[in-house]
**Student:** 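Pasting a structure here, questions to come.
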Amino acid sequence: MMQRAGAGLALGLLAAAPGAMAQDAAPVQIGLIAPVSGIYARPGQVMQMGAELGVQDVNAAGGVECLDGAPLELVLIDSGDSVEKAANAAQRMVADYPDLVGATGSYLSSFTLAVTEVTERAKLPILTLSYSDLITERGFENVFQTSATAGAQASIALPIIMDLAEAETGTRPKTVAIITDNTAASLSSVERMKGGLLDDLGLEVVMEETFTPPLADASSLVQRVRTSRPDLLFFLPTVISDANLILQKMQEFRVKVPTISFGIAIAEPEVLNVMDASLLEGVMSAVANWGAKGQEELIARLEDTYGEPWMTQNAISTYGDMWIFKAALEEACSRDREALGEALRNLDGGPSRYYPGGTLSFDEKGRREGASLTIIQWQDGVPVTIFPDDLAVAQPHWPSN
């Protein structure tokens with residue numbers, strides 16, 4: 001079962017796997033700063049699962065060989081559910097854990113923007129799966145974005161979605177409604193869309209609404225979608241309860257429009273607690289990462305260990321982060337965080353194994369080079385990867401309305 005931990009707790013994973021090397025060397029501490037309380041607790045808990053499995057596997061493989069087989073040690077810091085709490089948590093992290101060499105987190109882009117203001121001053125290298133373009137636009141030297149940015153994801157995903165619609169229906173959509181929350185990643189995606197991408201694709205925005213999570217009532221939002229009669233609905237929530245509320249209201253008002261989401265709120269297992277899987281059939285979402293072809297054994301371990309029915313981006317990306325840290329630590333051959341930052345900036349880790357597209361290397365902004373995305377689709381009660389082709393586990397089909 002899942003190992004729960006409170007704020008600022010070093011997790012005992014040093015000898016978690018049989019066959020590990022002697023690993024008498026002192027552990028190398030890696031922080032995970034993520035929300036494990038409040039309305040974003042669920043994604044943070046799944047990040048913890050991925051990080052724990054990653055630490056186990058790195059340690060089972062001999063730890064950091066260059067440091068006499070030193071094992072990784074995960075330190076969990078609860079970022080809470082607001083920007084202010086996340087900033088305070090980052091302050092605690094750098095003050096209470098001076099031996100931290102690196103960190104990963106923070107899930108929501110708004111939190112990551114605040115957290116990295118603190119980690120940059122402390123020269124603590126941090127990996128993040130957060131999407132916002134702003135995260136790596138500030139000239140920071142120690143922030144590394146493993147996901148494609150929100151703007152890049154929109155640029156990659158929308159042409160694919162339009163081509164799929166035309167291939168399966170014979171017609172390219174002409175109009176779109178947009179419902180988005182006001183978190184940083186969602187706003188970055190919409191900014192890129194409205195900054196020329198929709199015009200390039202011949203899509204007219206007939207309705208747009210931005211809300212602040214959590215929603216209390218989705219009636220007016222869904223009424224506006226119904227009256228605008230779009231060919232597509234772009235749907236960008238980051239809170240599971242908001243996704244549920246809007247989808248339930250669409251069902252109640254019988255609003256049937258092909259729905260394309262961005263992010264994972266619509267594909268978390270909890271969605272099935274309040275909705276019949278048949279209502280989600282065909283719904284697609286563009287996400288930075290997802291469990292995919294070639295990762296079947298890891299996905300099965302996640303289910304066996306934690307009871308997770310599938311692997312979301314939060315688990316697979318954070319798992320992969322532990323391997324990036326191992327590779328960079330081998331290059332740095334040092335416990336010094338500035339040396340690790342330099343190693344990450346110059347990392348040449350070859351083809352990406354746990355992230356879609358690109359390589360395990362970062363450009364001058366700290367963005368993973370060649371990062372792509374996955375497109376997932378609800379099929380038979382499970383959100384499965386349908387793009388890119390080399391990672392897909394199922395063929396796509398256009399959502400019927």
Side-chain angles (χ1 to χ4, degrees), residues 2-11 30-54 74-94 96-97 100 102-119 124 126-132 134-135 143 145-147 150 181-188 212-215 236-244 263-271 273 287-289 302 306 308 311-319 321-322:
M2 179 182 172
Q3 182 178 0
R4 304 288 178 184
L9 180 63
L11 305 181
I30 302 294
L32 169 62
I33 182 165
V36 291
S37 63
I39 60 174
Y40 299 105
R42 171 68 178 150
Q45 291 163 355
V46 177
M47 291 172 75
Q48 181 184 345
M49 299 172 194
E52 289 176 355
L53 289 180
L74 190 67
V75 177
L76 176 67
I77 297 95
D78 181 8
S79 67
D81 60 358
S82 71
V83 172
E84 182 180 16
K85 291 178 182 176
N88 290 337
Q91 295 283 6
R92 293 197 307 274
M93 177 172 69
V94 299
D96 295 347
Y97 294 94
L100 278 183
T104 183
S106 316
Y107 177 59
L108 208 62
S109 290
S110 303
F111 297 177
T112 303
L113 285 165
V115 166
T116 49
E117 292 284 346
V118 177
T119 56
L124 181 69
I126 183 168
L127 305 179
T128 183
L129 53 71
S130 298
Y131 296 173
S132 173
L134 297 175
I135 292 169
V143 181
Q145 202 166 18
T146 58
S147 301
D181 69 23
N182 62 355
T183 59
S186 298
L187 294 178
S188 286
T212 300
L215 269 175
L236 296 93
T238 54
V239 180
I240 298 169
S241 60
D242 291 343
N244 292 340
I264 68 166
I266 202 171
E268 291 277 12
E270 285 69 26
V271 174
N273 293 339
V287 296
N289 202 354
L302 185 75
Y306 301 104
E308 288 296 297
M311 181 165 259
T312 68
Q313 68 162 3
N314 296 318
I316 186 63
S317 288
T318 313
Y319 176 88
D321 288 353
M322 298 304 122

**Student:** I'd like to know if the side chain of Ser82 and the backbone of Lys85 have a donor-acceptor N/O pair within less than 3.5 Å.
**Tutor:**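 Pair found, side chain donor or acceptor close to backbone of Lys85.
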
**Student:** Could you tell me which non-hydrogen atom of Ser132 sits nearest to which non-hydrogen atom of Gln145, and how far apart they are?
**Tutor:**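 That would be O-NE2, 3.0 Å.
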
**Student:** About how many Å separate CG of Leu53 and CE of Met311, when rounded to the nearest 0.5 Å?
**Tutor:**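 Result: 6.0 Å between the selected atoms.
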
**Student:** Under the rule for ring-ring contact (aromatic ring centres under 6.0 Å, His included), what residues qualify as partners of Tyr131, not counting sequence neighbours?
**Tutor:**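 Applying ring-ring contact (aromatic ring centres under 6.0 Å, His included) to Tyr131 gives none.
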
**Student:** I need the minimum non-hydrogen distance between Leu302 and Ala315, along with the two atoms involved.
**Tutor:**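 Where Leu302 meets Ala315 most closely, the heavy atoms are CD2-CB, 4.2 Å.
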
**Student:** Distance check, rounded to the nearest 0.5 Å: Asp321 atom CG versus Leu32 atom CG?
**Tutor:**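 Between atom CG of Asp321 and atom CG of Leu32 there are 9.0 Å.
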
**Student:** Do side-chain atoms of Thr128 reach the backbone of Gly105 as a donor and acceptor pair under 3.5 angstrom?
**Tutor:**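 Yes, Thr128 side chain to Gly105 backbone: donor-acceptor pair under 3.5 Å.
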
**Student:** Could you give the distance from OG1 (Thr119) to CG (Leu100), rounded to the nearest 0.5 Å?
**Tutor:**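 Separation between the atoms: 11.0 Å.
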
**Student:** In Å, rounded to the nearest 0.5 Å, how long is the span from CD1 of Ile135 to OG of Ser147?
**Tutor:**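 Ile135 atom CD1 to Ser147 atom OG measures 8.5 Å (nearest 0.5 Å).
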
**Student:** Which is it for Thr112 and Ser109 under the side chain to side chain donor-acceptor pair (under 3.5 Å) test, yes or no, and what are the steps along the way?
**Tutor:** CA-CA 5 Å; Thr112 303; Ser109 290; 5.7 Å; no

**Student:** Ignoring hydrogens and geometry, is there a side-chain-to-backbone donor-acceptor pair from Asp242 to Leu215 under 3.5 Å?
**Tutor:**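 Looks like yes, one N/O pair under 3.5 Å.
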
**Student:** Tell me the closest heavy-atom pair linking Ala51 and Thr318, and the distance in Å.
**Tutor:**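 In this case the closest contact between Ala51 and Thr318 is CB-CG2, 3.5 Å.
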
**Student:** Please find the pair of heavy atoms, one from Leu187 and one from Asp181, that lie closest to each other, and give the distance.
**Tutor:**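 Answer, listing the atom of Leu187 first, then Asp181: CD2-O, 3.9 Å.
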
**Student:** Counting C-beta onward and ignoring hydrogens, is there a side-chain heavy-atom pair between Pro213 and Asn182 closer than 4.5 Å?
**Tutor:**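 SC-SC contact between Pro213 and Asn182 confirmed.
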
**Student:** Whether the side chain of Ser110 engages the backbone of Val83 through a donor-acceptor N/O pair (distance < 3.5 Å, no angle test) should be reported.
**Tutor:**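 No; judged by distance alone, with no hydrogens or angles, the pair does not exist.
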
**Student:** What pair of heavy atoms forms the shortest contact from Ser106 to Pro35, and how long is it?
**Tutor:**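 Minimum heavy-atom separation between Ser106 and Pro35: O-CD, 3.6 Å.
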
**Student:** In chain order, what residues pass the ring-ring contact (aromatic ring centres under 6.0 Å, His included) check against Tyr107, with sequence neighbours excluded?
**Tutor:**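 Tyr107 satisfies ring-ring contact (aromatic ring centres under 6.0 Å, His included) with no other residue.
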
**Student:** For the backbone of Ala86 and the side chain of Ser79, can you confirm whether one donor and one acceptor N or O come within less than 3.5 Å of each other?
**Tutor:**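 Side chain of Ser79 to backbone of Ala86, a donor-acceptor pair under 3.5 Å: no, none is there.
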
**Student:** Which pair of non-hydrogen atoms, one from Thr104 and one from Met322, has the smallest distance, and what is that distance?
**Tutor:**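 Taking Thr104 first and Met322 second, the nearest heavy atoms are CG2-CE, 3.8 Å.
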
